[in-house]
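Each remark here refers to the structure printed beneath this line.
Note that the numbering runs from 1 along the sequence shown for the chain.
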Amino acid sequence: MAEDAFQFRSGGTSLNNMATQAQGGPPKRKEIYKYEAPWCVYSMNWSIRPDKRFRLALGSFVEEYNNKVQIVSLDEDTSEFTSKGTFDHPYPTTKIMWIPDTKGVFPDLLATSGDYLRVWRVGDTDARLECLLNNNKNSDFCAPLTSFDWNEVDPNLLGTSSIDTTCTIWGLETGQVMGRVNVVSGHVKTQLIAHDKEVYDIAFSRAGGGRDMFASVGADGSVRMFDLRHLEHSTIIYEDPQHHPLLRLGWNKQDPNYLATMAMDALEVIILDVRVPCTPVARLNNHRACVNGIAWAPHSSCHICTAADDHQALIWDIQQMPRAIEDPILAYTAAGEINQIQWSSTQPDWIAICYNNCLEILRV
């Protein structure tokens, strides 16, 4: 196994090993840890709790009703990932996310989207369903949820996006009931028709206090921005010139003026500045196959990682915008088509990717 994870595009070494090698220092720590799941992995997310440093949740992608969610954790003494529990999930999870609770004041919760939004309480060896949030009370059929986001400033807020053109903002309550501590329940705070066609992703912005602003993308090829305090109108930030569906969006973690999005089957990621709507400020287009994932650095306003079917995870430095960004600064080549990428918010020198049935975490 290669020791270095991300390489300089010129063929150099990864960032954190340069000094060590230059000084003939101590042996390098391992740069890549790998876990092989018993099924194809699609959704994945890092735990944020400070006492669970290398814990991730993985969702299976099996083309049938019965799917799985697995919690894995890296044993730093043995350098091996171990499964901490697996539970059944109806249909593949379209997204999976741990509660953004850095202080550990909430219960240890995990949310998944699929046919519905489900919130699970994770124990040492198992997980139990705390609540199933269904906004479709009038029908036997549900419109599948394409994605969701958990508000970092107010973890009682979650937003879901659906193929029925709507976004729903949910309020979560963790109350206390006799005989059971911290029972979790949820209610609809608001539902809005967000797009003319299916909505594929939703993300809260850190702007304006970080609680009320969010954006969505969808099959109509637009990026739209909303404010929970003024839902009577939205702002179209960008429209794809060919009206290609936009599949993902991600806000810059340090500068809420910037967000990234990508179109279906596109080889590039575009960076938008909400102060200059409709015109991309950068295009990141070194991939040679469809882009599947984008992840902003949690600790830097000018670094973003993109991943694609060309097996590549590329890290870009965008600080010279609006001048063209020609090349990524670092690259990692996986053994398969990367379908998921997540940058650890609590450990910013680690990025996780998924391909086939494999999870890898890579030191930047």
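Between the side chain of Asp75 and the backbone N or O of Phe81, no donor-acceptor pair lies under 3.5 Å. No donor-acceptor pair closer than 3.5 Å links the side chain of Asp196 to the backbone N or O of Asp220. Not a single donor-acceptor pair under 3.5 Å links the side chain of Asp212 to the backbone N or O of Gly209. Of the possible polar contacts, one joining the Ser60 side chain to the Lys68 backbone as a donor-acceptor pair under 3.5 Å is found. In terms of modelled atom types and a separation under 3.5 Å, the side chain of Ser113 and the main chain of Lys95 share a donor-acceptor contact. Between the side chain of Asp273 and the backbone N or O of Arg275, at least one donor-acceptor pair lies under 3.5 Å. The main-chain N or O of Ile193 is never found under 3.5 Å from a side-chain atom of Thr166 such that the two would form a donor-acceptor pair. In this structure, Trp343 contributes its side chain and Cys305 its backbone to no donor-acceptor pair below 3.5 Å.
Looking only at side-chain heavy atoms (C-beta outward), Glu152 and Thr102 stay at 4.5 Å or farther from each other. At a threshold of 4.5 Å between non-hydrogen side-chain atoms, the residues Arg118 and His89 count as touching. His287 is not listed as a side-chain neighbour of Glu268, based on a closest heavy-atom distance of 4.5 Å or more. The closest side-chain heavy-atom distance from Leu117 to Leu145 is below 4.5 Å. In this structure, Gln340 and Val41 have side chains that are not in contact, with every pair of non-hydrogen atoms separated by 4.5 Å or more. Annotation: side chain of Val188 is in contact with side chain of Thr168 (closest heavy-atom distance under 4.5 Å). Considering only heavy atoms from C-beta on, Ile353 comes within 4.5 Å of Ile341 through its side chain. Leu172 places a side-chain heavy atom less than 4.5 Å from the side chain of Val119.
Counting only residues at least two apart or in different chains, salt bridge (Lys or Arg N to Asp or Glu O under 4.0 Å) contacts with residues 294-311 are absent.
Using a 4.0 Å cut-off between a side-chain N of Lys or Arg and a carboxylate O of Asp or Glu, Arg224 and Glu239 do not qualify as a salt bridge. Between Glu76 and Arg53 there is a salt bridge, since a side-chain N of the basic residue sits under 4.0 Å from a carboxylate O of the acidic one. Ion pairing between Arg121 and Asp126 fails under the 4.0 Å rule for side-chain N and carboxylate O.
Side chains of Gln254 and Asn252: no donor on one and acceptor on the other come within 3.5 Å. No side-chain donor-acceptor contact under 3.5 Å links Tyr35 and Glu80. Ser43 and Thr93 are linked by a side-chain donor-acceptor pair at a separation below 3.5 angstrom, with hydrogens and angles left out of the test. No donor-acceptor contact under 3.5 angstrom links the side chains of Thr94 and Thr146, judged on distance only.
Hydrophobic cluster membership differs between Val276 and Tyr258, with clusters built from Ile, Leu, Val, Met, Phe, Trp and Tyr side chains linked at under 4.5 angstrom. The cluster map of Ile, Leu, Val, Met, Phe, Trp and Tyr, joined by side-chain heavy atoms under 4.5 Å apart, puts Ile96 and Tyr42 in different clusters. Under the 4.5 Å side-chain heavy-atom criterion for ILVMFWY residues, a single connected hydrophobic cluster contains both Val72 and Trp46. Residues Leu314 and Ile271 share a hydrophobic cluster, clusters being chains of Ile/Leu/Val/Met/Phe/Trp/Tyr side chains in contact below 4.5 Å. Under a hydrophobic clustering in which Ile, Leu, Val, Met, Phe, Trp and Tyr are joined whenever their side-chain heavy atoms come within less than 4.5 Å, directly or via other members, Phe148 and Phe61 fall into different clusters.
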task = Check the pair Ile32, Arg363 against side-chain contact (heavy atoms from CB on, under 4.5 Å), reporting the backbone distance first and the verdict last.
result = CA-CA 6 Å; Ile32 304 169; Arg363 189 197 298 272; over 6 Å; no
message = Run the side-chain contact (heavy atoms from CB on, under 4.5 Å) test on His195 and Ser216 for me, step by step, so that the C-alpha distance in whole Å, both residues' side-chain angles and the decisive distance to 0.1 Å come before the verdict.
response = CA-CA 8 Å; His195 288 259; Ser216 60; 2.7 Å; yes
ask   = Taking it one step at a time, do Trp150 and Ile99 satisfy side-chain contact (heavy atoms from CB on, under 4.5 Å)?
value = CA-CA 7 Å; Trp150 208 323; Ile99 185 169; 3.5 Å; yes
request  = Could you walk me through whether Asp327 and Asn286 pass side-chain hydrogen bond (donor to acceptor under 3.5 Å, both in side chains), step by step?
outcome  = CA-CA 7 Å; Asp327 291 297; Asn286 263 59; 3.1 Å; yes
query = When you look at Asp227 and His233, which way does the side-chain contact (heavy atoms from CB on, under 4.5 Å) test go after all the steps?
reply = CA-CA 8 Å; Asp227 186 330; His233 59 83; over 6 Å; no
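The ring of Tyr65 has its center closer than 6.0 angstrom to the ring center of Tyr91. Taking the six-membered ring wherever Trp is involved, the centroid distance between the rings of Phe54 and Trp350 falls below 6.0 Å.
Atoms CD and CG, from Gln342 and Leu56 in turn, are 9.0 Å apart once rounded to the nearest 0.5 Å. Remark: Lys52 NZ to Ser73 OG distance equals 7.5 Å, nearest 0.5 Å. In this structure, OG on Ser300 lies 8.0 Å from CD1 on Ile318, to the nearest 0.5 angstrom. With rounding to the nearest 0.5 Å, the separation of OG1 in Thr165 from CD in Glu198 is 8.5 Å. From Cys302, atom SG reaches atom CG of Asp317 across 4.5 Å, with rounding to the nearest 0.5 Å.
Cluster partners of Ile48 are absent, since no Ile, Leu, Val, Met, Phe, Trp or Tyr has side-chain heavy atoms less than 4.5 Å from it. Applying the under-4.5 Å side-chain rule to Ile, Leu, Val, Met, Phe, Trp and Tyr, the cluster around Met213 extends to Val217, Val223, Met225, Ile237, Tyr238, Leu246, Leu249, Trp251, Leu259, Ile270, Leu272, Val274. Applying the under-4.5 Å side-chain rule to Ile, Leu, Val, Met, Phe, Trp and Tyr, the cluster around Phe214 extends to Leu157, Ile169, Leu192, Ile202, Phe204, Phe226, Leu228, Leu231. Counting side-chain heavy-atom gaps under 4.5 Å among Ile, Leu, Val, Met, Phe, Trp and Tyr, Leu267 is found in no cluster with other residues.
Listed here is the closest heavy atom pair of Asp154 and Arg211: OD2-NE, 3.1 Å. Across all their heavy atoms, Ser205 and Ala207 have their closest contact at OG-N, 2.9 Å. Considering all non-hydrogen atoms of both residues, Asp101 and Gly104 come closest at OD1-N, 3.1 Å. Taking all atoms of both residues into account, the shortest heavy-atom contact from Ala111 to Leu158 is CB-CD2, 4.2 Å. Scanning both residues, Leu133 and Tyr116, for their nearest heavy atoms gives O-CB, 3.8 Å. Taking each heavy atom of His244 and Ala263 in turn, the nearest pair found is CB-CB, 4.1 Å.
For the pair Arg55 and Trp98, the distance from NZ or CZ to the six-membered ring centre is under 6.0 Å and the angle to the ring normal is within 45 degrees.
Surrounding CG of Asp51 are more than 12 heavy atoms belonging to other residues, nucleotides or ligands, all under 6.0 Å away. Within a 6.0 Å sphere centred on CD of Gln319, other residues, nucleotides and ligands contribute 12 heavy atoms or fewer. Counting non-hydrogen atoms of neighbouring residues, nucleotides and ligands closer than 6.0 angstrom, the CG atom of Leu132 exceeds 12 such neighbours. Within a 6.0 Å sphere centred on CZ of Arg229, other residues, nucleotides and ligands contribute more than 12 heavy atoms. No more than 12 heavy-atom neighbours from other residues, nucleotides or ligands sit within 6.0 angstrom of CD on Glu63.
For the side-chain hydrogen bond (donor to acceptor under 3.5 Å, both in side chains) test, no residue two or more places apart in sequence or in another chain qualifies with Arg288.
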